[in-house]
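In what follows, chains carry the letters A, B, and so on, assigned in the order in which the sequence lines appear, proteins first and then strands, with residues in each chain numbered from 1.
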Number of protein chains: 2
Amino acid sequence: MSKEIIHVAIVEDDDELRQMLAYVINGTPGFYCKHTYIDCESAIKELPNIYVHVVLMDIELPGITGIEGVAILKKALPHIDFIMLTIRQDDASLFGSLCAGATGYLTKDTPPSNLLQSISEVRNGGAPMSTRIARKVIASFKIDRKASPLTTRETEILNLLCDGMNYRSIAEQLFLSAHTVKTHIKNIYRKLHVTSRASAVKKAIDDGLI
Amino acid sequence: MSKEIIHVAIVEDDDELRQMLAYVINGTPGFYCKHTYIDCESAIKELPNIYVHVVLMDIELPGITGIEGVAILKKALPHIDFIMLTIRQDDASLFGSLCAGATGYLTKDTPPSNLLQSISEVRNGGAPMSTRIARKVIASFKIDRKASPLTTRETEILNLLCDGMNYRSIAEQLFLSAHTVKTHIKNIYRKLHVTSRASAVKKAIDDGLI
DNA sequence: GCTTCCATCACCCAAAAGGGGTATTTTGAG
DNA sequence: CTCAAAATACCCCTTTTGGGTGATGGAAGC
């Protein structure tokens, strides 16, 4: 664990909460919060000129949202870690924030001790998340591939279609006649309800078949 | 926090570690470990017949790997939470496990107290992860879309290609001549280094262009 | 003012794809 | 053993695609 003092900035439009957060941070050894902002516009203007390690970012802000703000700021200041601090638990907010470059995601019911621990954690290479949030993130990976309607051979050929191979190339690679490849592809089209290679590839990817 | 006793099973081929883990779990109030397995084969045979909440799963096992094991077991026993407990930190192991349905991922340097806390956490709707692991998971969402090489019009047409539309349909939809559509598609192919619709769709999806 | 990119439209031609059939062999489940 | 599904192979025919080449007008950048 690093012993350096962690410099924290806050972007939060609620005056009371913003001041309370700064108060808690400044009242804890090892943490320091000098800069707070009421919206992303001012944060975007000021942050490049100050020294800060971690930013606590609200999502629901007037003007530029916290998610858009992170996307903009993270691109300009990739060394800063952004922790979302929000009441929102919907998938769009969560995954939007992560795609934008947030490194942590805490709900506002996080008690102060956990919040401080999360700030330390993000500074030490972690990615702090509220309990339910973590579960959502993990669950998003699980692929319950509905039993593919395709046979092994068909799936094999579908993969080669993705590489842009034509009948003949596929046939050579699989030691089949081009006629057979064509028959398989016709069956693939029928099963996926498509009529072209392009849409077969798209549907296969969307449905997690490949 | 639930006060019920959490029933834990272990799948781990190292005799010493397996016994040590069981010893720690059984020595802690609120935790109970009656069943341990040295490989996935025996776990797959026994787990459906026993009462258990959480399974600690190693990855490197003789025969069926922990990842394959989770995929098989999670499908049959979706109510059980699987926590990977492994020395492996590579992306393939991590994301393979998550896709298979693991709910937690701990490295073997996790101290016993953290391990027990993680078991509680997963039982309470969380998704416990080691610090670095969490960061990897979060980082996997971040999309730094390299500026698309395609123009607005080309991207527009690329999207229609995904729907399996032909020159004529695209032309009608965009109020263009089919000749123009063809020119755009030729330019798309050149920029994406492909020579067919199927591979253009694949590459566009892979590169996050659509 | 010049150049570059974008968007638009056009023609020719060979290759490939797609739709409709039919048929044999292998494999697997009951 | 039997039946169904899967995998294999072939034919005919029309439509679509991909590659090459060329041209024009407008907007943006230098």
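Within the structure, a side-chain polar atom (N or O) of A:T180 is placed less than 4.0 Å from OP1 or OP2 of D:dA9.
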Let me check something: any side-chain donor-acceptor pairs from residues 47-62 of chain B under 3.5 Å, sequence neighbours excluded? List them with distances.
from  : atom 1 : to     : atom 2 : distance (Å)
B:N49 : ND2    : B:K45  : O      : 3.4
B:Y51 : OH     : B:H53  : NE2    : 3.0
B:H53 : ND1    : B:H7   : N      : 2.9
B:D58 : OD1    : B:K108 : NZ     : 3.3
B:E60 : OE2    : B:R88  : NH1    : 3.3

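Counting any heavy atom pair closer than 4.0 Å across all strands shown, A:S177 reaches sugar-phosphate atoms only and no base atom. Contact annotation for B:T151: backbone-only contact, meaning every heavy-atom pair under 4.0 Å involves sugar-phosphate atoms and none involves a base.
Between A:I188 atom CD1 and D:dT8 atom P the separation is 12 Å, expressed in whole Å. Atom NE2 of A:H179 and atom P of D:dC10 are 5 Å apart (whole Å). Atom P of nucleotide D:dA6 and atom CG of A:L174 are separated by 18 Å, given to the nearest angstrom.
A donor-acceptor contact shorter than 3.5 Å is absent between the side chain of A:K75 and the backbone of A:G101. Between the side chain of B:S97 and the main chain of B:S93, a donor-acceptor pair closer than 3.5 Å is present.
Residues passing the side-chain contact (heavy atoms from CB on, under 4.5 Å) test with B:Q173, sequence neighbours excluded: B:L160, B:M165. Looking at residues two or more places apart in sequence or on another chain, you find no side chain to side chain donor-acceptor pair (under 3.5 Å) involving B:K182.
Ion pairing between B:D206 and B:K203 fails under the 4.0 Å rule for side-chain N and carboxylate O.
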Chi angles and distances behind the ring-ring contact (aromatic ring centres under 6.0 Å, His included) call for B:F141, A:F141 = CA-CA 11 Å; B:F141 284 94; A:F141 285 94; 5.7 Å; yes
inquiry  = Between B:R135 and A:V122, is the side-chain contact (heavy atoms from CB on, under 4.5 Å) condition met? List the steps.
reply    = CA-CA 8 Å; B:R135 178 69 74 117; A:V122 84; 4.0 Å; yes
Could you go over nucleotides 12-19 of chain D and give all protein N or O partners under 3.5 Å, atom names and distances?
from   : atom 1 : to     : atom 2 : distance (Å)
D:dT16 : OP1    : B:R168 : NH2    : 3.2
D:dT17 : OP1    : B:R197 : NH1    : 2.8
D:dT17 : OP1    : B:R197 : NH2    : 3.3
D:dT17 : OP2    : B:Y167 : N      : 3.2
D:dG18 : OP1    : B:Y189 : OH     : 2.9
D:dG18 : OP1    : B:R197 : N      : 3.1
D:dG18 : OP2    : B:Y189 : OH     : 2.8
D:dG18 : OP2    : B:R197 : NE     : 3.1
D:dG18 : N7     : B:K182 : NZ     : 2.9
D:dG18 : O6     : B:K182 : NZ     : 2.5
D:dG19 : O6     : B:K182 : NZ     : 2.4

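For the helix from C:dG1-D:dC30 to C:dG30-D:dC1, the end axes, each set by the C1' atoms of five terminal pairs, are bent relative to each other by 70° (nearest 10°).
Distance check: A:Y105 OH to A:T110 OG1 gives 11.0 Å after rounding to the nearest 0.5 Å.
The local environment of NZ in B:K74 is crowded, with over 12 non-hydrogen atoms from other residues, nucleotides or ligands closer than 6.0 Å.
Taking the ring centre of A:Y167 as origin, the terminal cationic atom of A:R197 falls inside the region bounded by 6.0 Å and 45° from the ring axis.
Scanning DNA chain C 5' to 3' for nucleotides with an atom closer than 4.0 angstrom to a non-hydrogen atom of chain B gives a first and last hit of C:dC6 to C:dC12.
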